[in-house]
Amino acid sequence: MKIQLLSPAGEIHRNGSGIFKRSLRYAPLTLTTLAAMVPKELNAEVTIQDEGVEPIDLDFAADLVGITAITGTSLRAYSIADELRARGTTVVLGGVHPTLLPEEAAQHADSIVMGYAERAWPELLRDFAAGRLQPRYHFPTGRVLSGLPIARRDLLKRKRYATVNSIEATRGCPHKCEFCVVPTAWSGIYAHRPVEEVIAELETFSGKHALFIDLSPVEDVQYAKALYRAMIPLKIRWVGLATTRLAEDPELLQLAAASGCKGVLIGFESVSQNTLNGAQKHFHSADRYAENIRRLHDHGIGIQACFVFGFDDEDESVFERTVEFVDRTKIDLPRYAVATPFPGTSLYRRLEAQGRLLHRRWSLYDVEHVVFEPQRMTPERLQEGLQWSWEQSYTWRSIFQRFTGAPWSILTLWISTNLGYRFFAEKLPSKADGIYREKLSTTIDEFAMTIG
Ligand code: B12
Ligand code: SF4
């Protein structure tokens, strides 16, 4: 059996026409994990294509094609699926977006997989081989993720990524931020892999570095401490995501640093506590952000800080306040986004009910395009403010000012990622031209039934 796995990319991230540099690209685990789960007895030949690093070539022979889709890539995934199905190829769709909107995705696939696929995908493949493919597969994920297959990194075109050493130790998140898909897509699951299995996988890596893609790895503090303790003897350097809990717990921070942590992505989202509370991110304290940043820097850890604009209580002063905060606290790698009501989130339901969605053109749901009517400014002003903030933080002046706070142990990474985002900031205006609007007279359920 020949299986082809595809990961379409949104316009900003697409190789060739995109503005996301190699220095910012790590290998996602989706396709390599799915490839690793193919049952041995099927003797399948598996090929993968990631449009983030190469144009997708549809000129292949395959018995079955699996396509992954997040919201921003879903329309691209559907058009590829439609084309392949018109040729008679069997297509399976899976990932976050088909999980959030199964009725919509089902119109473009022979079968869809919802949620994590460790049970569903092998079962689907066996059913397909036996000629009894079902239209939908969905199994719940347990709390402990033992025995996960090791991703088939051998299938990746290594040179096209900054690193292929991506790994996950935990899945899901115990929080419920209003704008986040995680609580809905993975039904509030917060699960972790046994520490020894994570260590065993890290030991297979070539090169002494790793990138953890876990969205919320430090919320189970005891687990995180145990993992970091076990990682110390490996003497690797790693980056990952975290909440500010990492900086608030001295022992956790010390262990993270000792285990080789060199950088964390933190969703600070806003410099105002009111805004954080409104978005259900009350477990972050805005008035402690500067101190959190200082502590991380003191431990040699760089910070990629994500800020989101467009929350209901924000007026136009938010851009200047945020950019000033970034410069003052010498954040290593600032990243700006607009609030995006991904389908399935509480934010989506609220904005839809208030009639504030501008459209459902999912390809623009990439967090760099305004897709809803903000409360205290126009969509145009929000889009301009987003671009202004990117530009300001990646002027040479700002880069130099922030550089004076950078941990020296991450200098090469610091420079290459800042240059990558400077390029991104320069090119974004041409990729985000104008605000798209559509008259929406349907709810999402009615819409799902009509999209063709
Ligand atoms: C790598 C990554 C990326 C990569 C590539 C993603 C891609 N597919 O295009 C890049 C950097 C390009 C990216 C960009 C963005 N991303 Co991103 N990204 C991730 C990340 C960190 C890891 C993905 C991964 O490897 N997961 C591990 C694998 C094993 O899990 P998985 O992908 O879910 O796959 C499992 C199941 O879902 C299922 N499955 C998935 N696909 C398929 C397909 C088939 C056929 C089958 C059978 C099963 C199946 O099986 C797998 C095994 O169980 C996730 C967060 C996370 N930890 O998952 C966010 C995530 C996917 N990204 C997200 C977001 C919001 C974005 C951005 C909008 C914002 C940003 N962060 O810049 C952009 C949007 C790009 C666009 N144009 O739309 C959201 C998705 C929201 C949504 N509704 O779409 C996530 C969930 C993070 C979050 N905070 O919520 N991202
Ligand atoms: S934004 Fe982060 S902390 Fe909030 S629910 Fe999503 S993953 Fe959890």
Side-chain angles (χ1 to χ4, degrees), residues 1-8 27-50 60-70 73 77 80-81 84-85 88-102 105-106 108-156 164 166-172 185-187 189-194 196-198 200-201 204 213-214:
M1 185 196 299
K2 283 194 164 119
I3 301 171
Q4 181 80 217
L5 297 172
L6 306 177
S7 178
L29 280 172
T30 315
L31 302 188
T32 48
T33 302
L34 290 171
M37 294 189 299
V38 175
K40 294 269 174 300
E41 76 270 14
L42 296 180
N43 282 322
E45 189 187 308
V46 186
T47 320
I48 69 176
Q49 293 192 60
D50 174 1
F60 55 73
D63 301 296
L64 182 134
V65 176
I67 310 179
T68 186
I70 62 175
T73 65
I80 293 173
L84 291 169
R85 291 177 83 209
T89 311
T90 302
V91 174
V92 180
L93 281 167
V96 184
H97 193 74
T99 301
L100 295 170
L101 290 183
H108 304 273
D110 297 284
S111 178
I112 60 162
V113 173
M114 295 169 66
Y116 286 110
E118 273 66 19
R119 243 183 96 190
W121 178 232
E123 189 160 319
L124 178 152
L125 291 172
R126 289 192 182 103
D127 283 356
F128 176 70
R132 48 161 197 259
L133 183 69
Q134 304 298 307
R136 190 180 291 196
Y137 292 79
H138 190 196
F139 295 106
T141 304
R143 270 204 53 79
V144 176
L145 302 166
S146 51
L148 277 193
I150 297 212
R152 291 273 318 270
R153 296 183 182 82
D154 57 295
L155 296 176
L156 293 167
V164 298
S166 359
I167 183 164
E168 57 182 347
T170 62
R171 279 184 178 175
W186 294 306
S187 342
I189 292 158
Y190 188 45
H192 54 251
R193 296 173 68 192
E196 57 282 6
E197 291 189 19
V198 181
E201 185 164 353
T204 67
I213 61 155
D214 311 33

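- You'll find the side chain of Asp50 reaches within 4.5 Å of the side chain of Pro28, heavy atoms only.
- In this structure, CD1 on Ile150 lies 8.5 Å from CD on Glu197, to the nearest 0.5 angstrom.
- A donor-acceptor distance shorter than 3.5 angstrom exists from the side chain of Gln134 to the backbone of Arg132, with no hydrogens or angles considered.
- Leu6 has its side chain within reach of Gln4: a pair of non-hydrogen atoms, C-beta onward, lies under 4.5 Å apart.
- By the 6.0 Å and 45° rule, Arg171 stacks over the aromatic ring of Tyr116.
- In this structure, Ser111 and Leu124 approach most closely via the heavy-atom pair OG-CD1, 3.5 Å.
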Does the side chain to side chain contact (heavy atoms under 4.5 Å, CB included) test come out yes or no for Leu42 and Phe128, once each step is laid out?
CA-CA 10 Å; Leu42 296 180; Phe128 176 70; over 6 Å; no
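- Atom CZ of residue Arg152 and atom CG of residue Leu29 lie 14.0 Å apart, to the nearest 0.5 angstrom.
- In this structure, Thr73 and Thr68 have side chains that are not in contact, with every pair of non-hydrogen atoms separated by 4.5 Å or more.
- Side-chain contact check for Thr90 and Asp110: no donor-acceptor pair (N or O, by modelled atom type) lies under 3.5 Å.
- Contact detail for Phe60 and Gln49: the closest heavy-atom pair is CD2-NE2, 3.8 Å.
- With contacts defined as side-chain heavy-atom distances shorter than 4.5 Å, the pair Phe139/Met114 does not qualify.
- The pair Lys2-Asp63 does not count as a salt bridge, with every side-chain nitrogen at least 4.0 angstrom from each carboxylate oxygen.
- Side chains of Leu31 and Leu155 form no contact here, defined as non-hydrogen atoms less than 4.5 Å apart.
- Listed for the Ser146 side chain is no donor-acceptor partner under 3.5 Å among the backbone atoms of Pro194.
- The side-chain contact (heavy atoms from CB on, under 4.5 Å) with Leu5 is formed by just one residue from the set Val92, Ile67, Ile48, Leu64; it is Ile48.
- In this structure, the separation between OG on Ser7 and CD1 on Ile80 is 9.5 Å, given to the nearest 0.5 Å.
- Across all their heavy atoms, Ala117 and Met37 have their closest contact at O-CE, 3.8 Å.
- At a threshold of 4.5 Å between non-hydrogen side-chain atoms, the residues His192 and Leu145 do not count as touching.
- The distance from atom OG1 of Thr33 to atom CG of Leu148, rounded to the nearest 0.5 Å, is 8.0 Å.
- Taking the side chain as every heavy atom from C-beta outward, Ile167 and Arg193 approach each other to under 4.5 Å.
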From CA spacing to verdict: side chain to side chain contact (heavy atoms under 4.5 Å, CB included), Ile3, Met1
CA-CA 6 Å; Ile3 301 171; Met1 185 196 299; 3.9 Å; yes
I'd like to know whether Arg85 forms a side chain to side chain contact (heavy atoms under 4.5 Å, CB included) with Val65, so could you lay out the CA-CA distance, the side-chain angles of the two residues, the decisive distance to 0.1 Å, and finally the verdict.
CA-CA 10 Å; Arg85 291 177 83 209; Val65 176; over 6 Å; no
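- Closest of all the heavy-atom pairs between Ala151 and Glu201 is N-OE2, 4.2 Å.
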Kindly indicate, with the supporting measurements, whether the criterion side chain to side chain contact (heavy atoms under 4.5 Å, CB included) is fulfilled by Val113 and Leu93.
CA-CA 6 Å; Val113 173; Leu93 281 167; over 6 Å; no
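- At least one side-chain heavy atom of Val38 sits under 4.5 Å from a side-chain heavy atom of Trp121.
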